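Presented below is the structure to which this report refers.
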2 protein chains.
Amino acid sequence: MKIEEIIKSNSPISIEKRTVLNIMFTQNVVAEAFNEILKSFDLSVEQFNVLRILRGQKGKPANMCVIQERMIAKTSNTTRLVDKLLLKGLVNREVCEQNRRKMEITITEKGLNLLAELDPKIEAHEKLFGYNLTPEELENLNNLLEKYRTI
Amino acid sequence: MKIEEIIKSNSPISIEKRTVLNIMFTQNVVAEAFNEILKSFDLSVEQFNVLRILRGQKGKPANMCVIQERMIAKTSNTTRLVDKLLLKGLVNREVCEQNRRKMEITITEKGLNLLAELDPKIEAHEKLFGYNLTPEELENLNNLLEKYRTI
DNA sequence: TACAAATTTTGTAATTACAAATGAAAATAG
DNA sequence: CTATTTTCATTTGTAATTACAAAATTTGTA
């Protein structure tokens, strides 16, 4: 469905405006499907992203700055996100001995197990959307997006 | 900058996962720039979108359902969004005489003036991002996004 | 009338935004 | 070399927003 139909616009829209709307709308569709999966695991998208970042550290602890800079949405309140994950026993948090300003966050066994359980569902979700596109088209889409946001 | 560098991933990412991340991240970049513009006008993106929807009605009032279905992010609380716009005098709200369950929302002169003032700034923002892409590439990006989200 | 559907509002808990505050380390001045 | 200032890293306060479900109101219908 074209973006014009979705927002039910009857006047013509410039290609630039159309692109912004398309990006916003598409992200929304993907994020909502994402949310749907995570909801049954009582995780928000941001909490899930933090867990993934921590798993990517492969045992090496991450401090708050590192987590923040790797998040997709930089605006989230990392402290309180980690608080929530702590309460659920999905991460550990301790003061860094070398620099006591920093926190060392690691993912727990429970956190890793949760991610392992989620992995196939997330992967299916990711593949579902690309389904109508050939690998070349997907590659093309990625390149265009990258180029698009580079100002 | 490639999405792998942004999230500082050292392990390979599937093209499907890469696409999801790219869409999420790009939307975030665009939305933040958007927000930056609207902030000085004391408007949130959603409030702005509601105003645009109302302007698109060309005088014809819109009820809450209509507004909701045309919004990019369907999840917002339309009642309270409109409340805020009412407080600022940017919209009018009255009960529909034909069906008293419905509300008739219209944009005020003040709302139209605000949009008129914003228009060139928003347009510049939209054009800024597409700048590195030819019109054909933009067209292509739109088509790919549309195809991508169609499941 | 009584019941179901449509439309909007409200309650309230969780999350986000943004600025200010805290605490620790590093740099600088006397 | 100690006191002071600046910078870094994180947390906290609080107001605004969002999420989600329940409630309220009006309409249509058996």
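None of these values were measured; they are calculated from a predicted model. Residue numbering restarts at 1 for every chain, and letters A, B, ... go by the order of the sequence lines.
Using a 4.0 Å cut-off on heavy atoms, the residues of residues 78-91 of chain B that approach DNA chain C are B/Thr79, B/Arg80, listed by number. DNA chain D is contacted by A/Asn63, A/Met64, A/Cys65 of residues 56-66 of chain A, taking any non-hydrogen atom closer than 4.0 Å. Sorted by residue number, the members of residues 25-50 of chain A with any non-hydrogen atom under 4.0 Å from DNA chain D read A/Lys39.
When atom types are taken as modelled, the side chain of B/Thr78 and the backbone of B/Gln68 share no donor-acceptor pair closer than 3.5 angstrom. Formation of a donor-acceptor pair under 3.5 Å by the B/Asn132 side chain with backbone atoms of A/Thr150 is found in this model. Using a distance-only test at 3.5 Å, with no hydrogens or angles considered, a donor-acceptor pair links the side chain of A/Lys88 to the main chain of A/Asp42.
Note: CD1 (A/Ile67) to C1' (D/dT11) measures 14 Å, nearest angstrom. Separating the CD atom of A/Glu69 from the C1' atom of D/dC8 is a distance of 14 Å, rounded to the nearest angstrom.
For A/Glu69, the salt bridge (charged side-chain N to carboxylate O under 4.0 Å, His left out) criterion is met by B/Lys8, not counting sequence neighbours. Here B/Asn63 pairs with B/Cys65, B/Val66, B/Lys102 under the side chain to side chain contact (heavy atoms under 4.5 Å, CB included) rule; sequence neighbours left out. Contacts of A/Phe41 classified as side chain to side chain contact (heavy atoms under 4.5 Å, CB included), with partners at least two apart in sequence or in another chain: A/Leu114, A/Glu117, A/Leu118, A/Lys121. For B/Asp119, the side chain to side chain contact (heavy atoms under 4.5 Å, CB included) partners at least two apart in sequence or on another chain are B/Arg55. Checked against side chain to side chain contact (heavy atoms under 4.5 Å, CB included), B/Leu86 has the following partners two or more places apart in sequence or in another chain: B/Val91, B/Arg93.
Across all their heavy atoms, A/Thr106 and A/Gly59 have their closest contact at CG2-O, 4.0 Å. The shortest non-hydrogen separation linking A/Asn22 to A/Thr26 is O-OG1, 2.6 Å. The two residues B/Arg100 and B/Val95 come nearest to each other via the heavy atoms O-CG1, 3.6 Å. For the pair B/Pro61 and B/Gln57, the tightest heavy-atom approach, listed with the atom from each and the gap, is O-NE2, 3.4 Å.
Counting heavy atoms from C-beta on, the side chains of A/Ile105 and A/Asn92 never come closer than 4.5 Å.
Remark: B/Asn49 CG to B/Leu81 CG distance equals 9.5 Å, nearest 0.5 Å.
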task: Would you give a per-nucleotide map of nucleotides 23-30 of chain D, 5' to 3', where B means the base has a protein non-hydrogen atom under 4.0 Å away, S means only the sugar-phosphate does, and - means neither?
output: --BBS---

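Chain B approaches DNA chain C within less than 4.0 angstrom (heavy atoms of the protein), and the contacting nucleotides run 5' to 3' from C/dA5 to C/dC18.
An end-to-end axis angle of 10° holds for the helix from C/dT1-D/dA30 to C/dG30-D/dC1, taken from five base pairs per end and rounded to 10°.
Identified under the salt bridge (charged side-chain N to carboxylate O under 4.0 Å, His left out) test for residues 129-151 of chain A, with sequence neighbours left out: A/Glu137-B/Lys147, A/Glu139-B/Arg18, A/Glu146-B/Lys2, A/Lys147-B/Glu137.
Only one option out of B/Leu21, B/Ile23, B/Val29 pairs with B/Phe25 in a side chain to side chain contact (heavy atoms under 4.5 Å, CB included); it is B/Val29.
By the 30° and 60° cut-offs, the orientation of the rings of B/Tyr148 relative to A/Phe129 is parallel.
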